[in-house]
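Both backbone and side-chain heavy atoms feed into the values below; hydrogens, waters and symmetry mates do not. Just so it is clear: chains get the letters A, B, ... in the order the sequence lines come, proteins before strands, and each one is counted from 1.
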Number of protein chains: 2
Amino acid sequence: MRSLFSQFSIKVNDKIYLKNPDESELGKRIIESSIILIDELGIEQFTFRKLGQRIGSPESTIYRYFENKHKLLVYLISWYWCWLEYRLVFSLANIESPTERLERAIDVLTGDIEQDDAFEHIDEVKLNRIVISESAKVYLTKAVDDENKLGLFGVYKNLVDRVVVIIRELHPEFQHPHSLISTVIEGAHQQKYFAQHLPSLTDITEDGGTVQDFFKQMVFCMIVRSKR
Amino acid sequence: MRSLFSQFSIKVNDKIYLKNPDESELGKRIIESSIILIDELGIEQFTFRKLGQRIGSPESTIYRYFENKHKLLVYLISWYWCWLEYRLVFSLANIESPTERLERAIDVLTGDIEQDDAFEHIDEVKLNRIVISESAKVYLTKAVDDENKLGLFGVYKNLVDRVVVIIRELHPEFQHPHSLISTVIEGAHQQKYFAQHLPSLTDITEDGGTVQDFFKQMVFCMIVRSKR
DNA sequence: GCAGATGCGCAAGTAATACTATTATATTTG
DNA sequence: CAAATATAATAGTATTACTTGCGCATCTGC
């Protein structure tokens, strides 16, 4: 199984980095360790100096790969969306029924994450935690418009679009497919975060499962109901 | 009209500040100017030094009111939730029908914000923009649990609870009222932000109105549908 | 009307952050 | 084997996020 996937690599927009971390051993160690460190410290406390100490390289070396820590975060989050899209495509392969396709799509978007052995240097479980607690900071910045022009958020849009297509199959006149899907993706993260840290803002218990049900209910109820 | 409200003041948790900015002229100027500056620069570029320069006071003076800029942001966001709760209560006064109450509640949570002359030193329109683009950063921090224990997010919970009560009136068995309302509040912010900066993630056009409709549809469809 | 507390301004200082630059050395490539 | 490239080692800068201490003005209670 592994040997099949080890050929693949996830391609994110090349304006995110100065030098592709995927193409060198050091680059991979930067990614591997940054996931561990950001998960541990949060992006605010994370610094290139600390990362350098962990991998035994000076911070100036890391600056040759990424302009700053924000771009590194953009890279990690983009990688995640790319990876999720590929998981989505696999999950939908050979499934005919649009209803089942949509259901499976929501499962991928809102379900729990497991380690993917195809990418040895990436801990998807930790990366998922980073996405939950840090991904919004990627676009909630004064630089959004510039970064958007460079196409840095393209992978996220692709993912949303793939699910929008399924909704259109089921209900071509539905008015807000993009809003619905982006609400599901972001909402699922929030609800999981709330369950862990601010439980009075949610009805979801920490042991998951309900998140998927809640958003499935939301999507199908909106699509079916607005159909008449 | 104004004289009636000028008696009131918004009470946030007193652990947010070191010295209540509401009780001095300088404190009010700190709040007034910080809203303008944060709206302009974003929280990352905003510093107490810049704020000090704007109000003609050294940064050390501002540190006597707030521990750091994060706490100042928590103050502003808390103030906003408090203010929104009071607007909600007014909007629901004397309305009997639970359906109409819920509809009005969603209007308050997702609708556009206008200047409230009751609070002269606060520009609610700018504050609303800050809430949209910075409020998530208040809880997406490694310090959430500590700050939650201090009760810093109490005002947000109160607001959510008020709407949960209406949902329970309409449908006592509904499983996820908290999740639904927190999704509506956060989702409305996101969709407005996307409309402005990442339009391909939403179907909402910049000139609002549709946000309210989308989330009303969501809430009513979920409550009605799950009723049978 | 004065003692004491409080609030603010002023000046200076510190540690950490977010970089940038320079040079030397090791490795790869042509 | 020469040239290009990648990394290490070291140092340096501007800014940020604070902290400290002192002096002056004002307000508060007696």
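- When the ring pair (Phe, Tyr, Trp, His ring centres under 6.0 Å) test is applied to B/Y17, no partner is found at least two apart in sequence or on another chain.
- Look at CZ on B/R49: it is 9 Å from C1' on D/dA17, rounded to the nearest Å.
- By the ring pair (Phe, Tyr, Trp, His ring centres under 6.0 Å) test, B/F194 pairs with A/Y139, sequence neighbours left out.
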If you look only at distance, which donor and acceptor atoms sit under 3.5 Å apart when one is on a side chain in residues 53-60 of chain B and the other is two or more places apart or in another chain?
{"from": "B/E59", "atom 1": "OE2", "to": "B/R49", "atom 2": "NE", "distance (Å)": "3.3"}
{"from": "B/E59", "atom 1": "OE2", "to": "B/R49", "atom 2": "NH2", "distance (Å)": "2.6"}

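- Between B/L73 atom CG and D/dA17 atom P the separation is 13 Å, expressed in whole Å.
- A salt bridge between B/R87 and B/D116 is absent, with no side-chain N of the basic residue lying under 4.0 Å from a carboxylate O of the acidic one.
- Taking a heavy-atom distance under 4.0 Å as the criterion, the stretch of DNA chain C touched by chain A extends 5' to 3' from C/dT17 to C/dA21.
- In terms of phosphate contacts, A/S57 brings a side-chain nitrogen or oxygen within less than 4.0 Å of OP1 or OP2 of D/dA8.
- Shown for residues 60-71 of chain B: residues whose heavy atoms fall under 4.0 angstrom of DNA chain C, namely B/S60, B/T61, B/R64, B/Y65.
- Remark: B/K28 engages no residue in a side chain to side chain donor-acceptor pair (under 3.5 Å) (not counting sequence neighbours).
- Note on residues 145-163 of chain B: pairs passing salt bridge (Lys or Arg N to Asp or Glu O under 4.0 Å), not counting sequence neighbours, are B/E85-B/R162.
- By the ring pair (Phe, Tyr, Trp, His ring centres under 6.0 Å) test, A/F215 pairs with no residue at all, sequence neighbours left out.
- Scanning for side chain to side chain donor-acceptor pair (under 3.5 Å) contacts around A/W81 gives an empty result, with sequence neighbours left out.
- Within residues 15-42 of chain A, no residue has any heavy atom under 4.0 Å from DNA chain C.
- In this structure, B/Y86 and B/F90 have perpendicular ring planes: the angle between them is above 60°, well past the 30° mark.
- The ring pair (Phe, Tyr, Trp, His ring centres under 6.0 Å) check on B/F46 picks up nothing, with sequence neighbours excluded.
- Spacing between atom CG of B/L51 and atom P of D/dT16 amounts to 13 Å, rounded to whole angstrom units.
- Atom pair B/E59:CD and D/dA17:C1' shows a separation of 8 Å (rounding to whole Å applied).
- Screening residues 125-134 of chain B for side-chain hydrogen bond (donor to acceptor under 3.5 Å, both in side chains), with sequence neighbours left out, gives B/D39-B/R129, B/Y80-B/N128, B/E134-B/K137.
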